[in-house]
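As structure tokens, the structure follows; a few thoughts come after it.
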Amino acid sequence: MLRSPYLPLVLAPFVGSFLGVLASRLPGGQPVVFARSACVHCRAVLGPRDLVPIVSYLARKGRCGTCGGVIHVSHLVMEVLAVVVAAIVLCAVGLPWNGGPASPFPVWGGCVFGWWLLTLGTIDLACLRLPDILTLPLVAAGLIMAVPQGLASVLWHGGAAVLGYGSFRAISLLYRRVRGHDGLGMGDAKLLAAGGAWLGLQALPHIVLLAALLTLCGAAIAGRGRLDRRLAVPFGPGLALAMWGIWLWQARPAGLAL
């Protein structure tokens, strides 16, 4: 069954449900894996009927079945976005009869990459943090994805990870020396290292340029058309979107349009 190209799409709502919990609990140091899901208002433990992704939220009209408290819409959004990620991966990679790979490995790899970036972007947008517990394993996962292409590919992607981290680290130190305060977090440097590990050396300039453009657009929208230098703008979501878009471009089979 793991060979079915549609399995990630079927599992995506459940993955999104877990990612929503992870994004909301991890920054505050709350337990994620072993804690029971409960209403944040009345602390009532949620039953099976309340834990069906997307369906439960819509059926309950976004409210707790015990106290009627509002369930944050971010949980529904994460579940839907996880499905969107899986659907886009299938369209980008292509199915076996439409020019895509016969192996499910690229599909699973692309979904894991997209779901991981979705979680990191969400956390950074909410908390201005990119936790090491998520960024560092993403670097390792990118190098593992390069293993089937041989040792040369692993070294190429490993070098890209080192260069990505080193370049952002140098920019951060220079900015702090000139301006007297931090302008680029080390989480951003580690996320760019993950981009190098997944996408290779040639992708680094494109990641940085596209991420900068996306972040500027986001800052302009948040500032209603004006850019305020005092506004703390997370760079992680822009990096995540840039990495995701470049992965989709690299993954598409020749002749297959996105």
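Pairs passing the ring-ring contact (aromatic ring centres under 6.0 Å, His included) check and including a residue from residues 184-218, sequence neighbours excluded, read Phe113-Trp198. Pairs of residues two or more places apart, or lying in two chains, that qualify as salt bridge (charged side-chain N to carboxylate O under 4.0 Å, His left out) and include a residue from residues 190-201 are Asp132-Lys190.
For the atom pair CG of Leu192 and CG of Leu130, the computed distance is 11.5 Å after rounding to the nearest 0.5 Å. Summarising the geometry, atom OG belonging to Ser56 is positioned 8.5 Å from atom CD1 belonging to Ile71; distances are rounded to the nearest 0.5 Å. Rounding to the nearest 0.5 angstrom, the gap separating the CG atom in Leu239 from the OG1 atom in Thr135 is 11.5 Å. The OG1 atom of Thr122 lies 7.5 Å from the CG atom of Leu81; values are rounded to the nearest 0.5 Å. Rounding to the nearest 0.5 angstrom, the gap separating the OG1 atom in Thr215 from the CZ atom in Phe235 is 4.5 Å. Taken from CG in Leu9 to CD1 in Ile88, the straight-line distance is 11.0 Å, to the nearest 0.5 Å.
Following chains of ILVMFWY side-chain contacts shorter than 4.5 Å, one can reach Ile171 starting from Leu204, so the two form part of one hydrophobic cluster. Hydrophobic clustering (ILVMFWY, side-chain heavy atoms < 4.5 Å, transitive): Val84 and Val15 are in one cluster. Val85 and Leu90 fall within a single hydrophobic cluster, where Ile, Leu, Val, Met, Phe, Trp and Tyr are joined by side-chain heavy atoms under 4.5 Å apart, directly or via other members. Leu199 and Leu163 end up in the same hydrophobic cluster when Ile, Leu, Val, Met, Phe, Trp and Tyr side chains are linked at under 4.5 Å. Side-chain heavy atoms closer than 4.5 Å link hydrophobic residues (I, L, V, M, F, W, Y) into clusters, and following such links, even through other members, never connects Met186 to Leu125.
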Query raised in the report: For Gln30 and Ser24, what are the C-alpha separation, side-chain angles and deciding distance, and is it a side chain to side chain contact (heavy atoms under 4.5 Å, CB included)?
Result: CA-CA 9 Å; Gln30 298 172 288; Ser24 63; 5.9 Å; no

Report task. Decide side chain to side chain contact (heavy atoms under 4.5 Å, CB included) for Leu118 and Met78; before the verdict, give the C-alpha distance in whole Å, the side-chain angles of both, and the deciding distance to 0.1 Å. Result -> CA-CA 8 Å; Leu118 173 62; Met78 287 292 282; 4.1 Å; yes

Requested in this report: Give the intermediate values and the outcome of side chain to side chain contact (heavy atoms under 4.5 Å, CB included) for residues Tyr57 and Val52.
Outcome: CA-CA 8 Å; Tyr57 186 94; Val52 181; over 6 Å; no

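When side chains are defined from C-beta on, Met243 counts as touching Leu191, because their heavy atoms get closer than 4.5 Å. Leu22 is listed as a side-chain neighbour of Leu134, based on a closest heavy-atom distance under 4.5 Å. In this structure, Leu117 and Leu138 have side chains that are in contact, with non-hydrogen atoms separated by less than 4.5 Å. No side-chain heavy atom of Val83 sits less than 4.5 Å from a side-chain heavy atom of Glu79. Counting heavy atoms from C-beta on, the side chains of Gln202 and Trp156 come closer than 4.5 Å. A 4.5 Å side-chain heavy-atom check between Tyr165 and Val139 finds every atom pair outside the cut-off. Within the 4.5 Å cutoff, the side chain of Ser17 has no heavy atoms near those of the Leu51 side chain. Side chains of Pro131 and Ile123 form a contact here, defined as non-hydrogen atoms less than 4.5 Å apart.
Apart from Val154 itself, the hydrophobic cluster it occupies contains Val147, where clustering links Ile, Leu, Val, Met, Phe, Trp and Tyr at side-chain heavy-atom distances under 4.5 Å. The hydrophobic cluster containing Leu155 also includes Leu151, under a criterion of side-chain heavy atoms closer than 4.5 Å among ILVMFWY residues, counted directly or through chains of members.
A donor-acceptor pair under 3.5 Å is absent between the side-chain atoms of Ser153 and the main chain of Gln149, judged by distance alone. For Asp124 (side chain) and Pro234 (main-chain N/O), no donor-acceptor pair under 3.5 Å exists by modelled atom type. For the pair Trp115 (side chain) and Leu19 (backbone), a donor-acceptor distance under 3.5 Å is absent. A donor-acceptor pair under 3.5 Å is absent between the side-chain atoms of Ser172 and the main chain of Phe168, judged by distance alone. A donor-acceptor pair is defined here as one N or O able to donate and one able to accept, closer than 3.5 Å; such a pair exists between the side chain of Ser167 and the backbone of Gly164.
For Ser74, the side chain to side chain donor-acceptor pair (under 3.5 Å) partners at least two apart in sequence or on another chain are His72. Remark: Trp244 engages Trp247 in a ring pair (Phe, Tyr, Trp, His ring centres under 6.0 Å) (not counting sequence neighbours).
Surrounding CG of Leu58 are more than 12 heavy atoms belonging to other residues, nucleotides or ligands, all under 6.0 Å away.
Nearest heavy-atom pair, Ala203 versus Gln250, reported as atom, atom and distance to 0.1 Å: CB-NE2, 3.9 Å. Residue Ala219 comes nearest to Val233 through the heavy atom pair CB-CG2, 4.0 Å, listed as atom of the first residue, atom of the second, then distance. Closest approach of Cys111 and Val89 over heavy atoms only: N-CG2, 3.9 Å. In plain terms, the two heavy atoms of Leu214 and Ala242 that are nearest each other are CD1-N, 4.0 Å. In plain terms, the two heavy atoms of Cys42 and Cys67 that are nearest each other are SG-SG, 3.6 Å.
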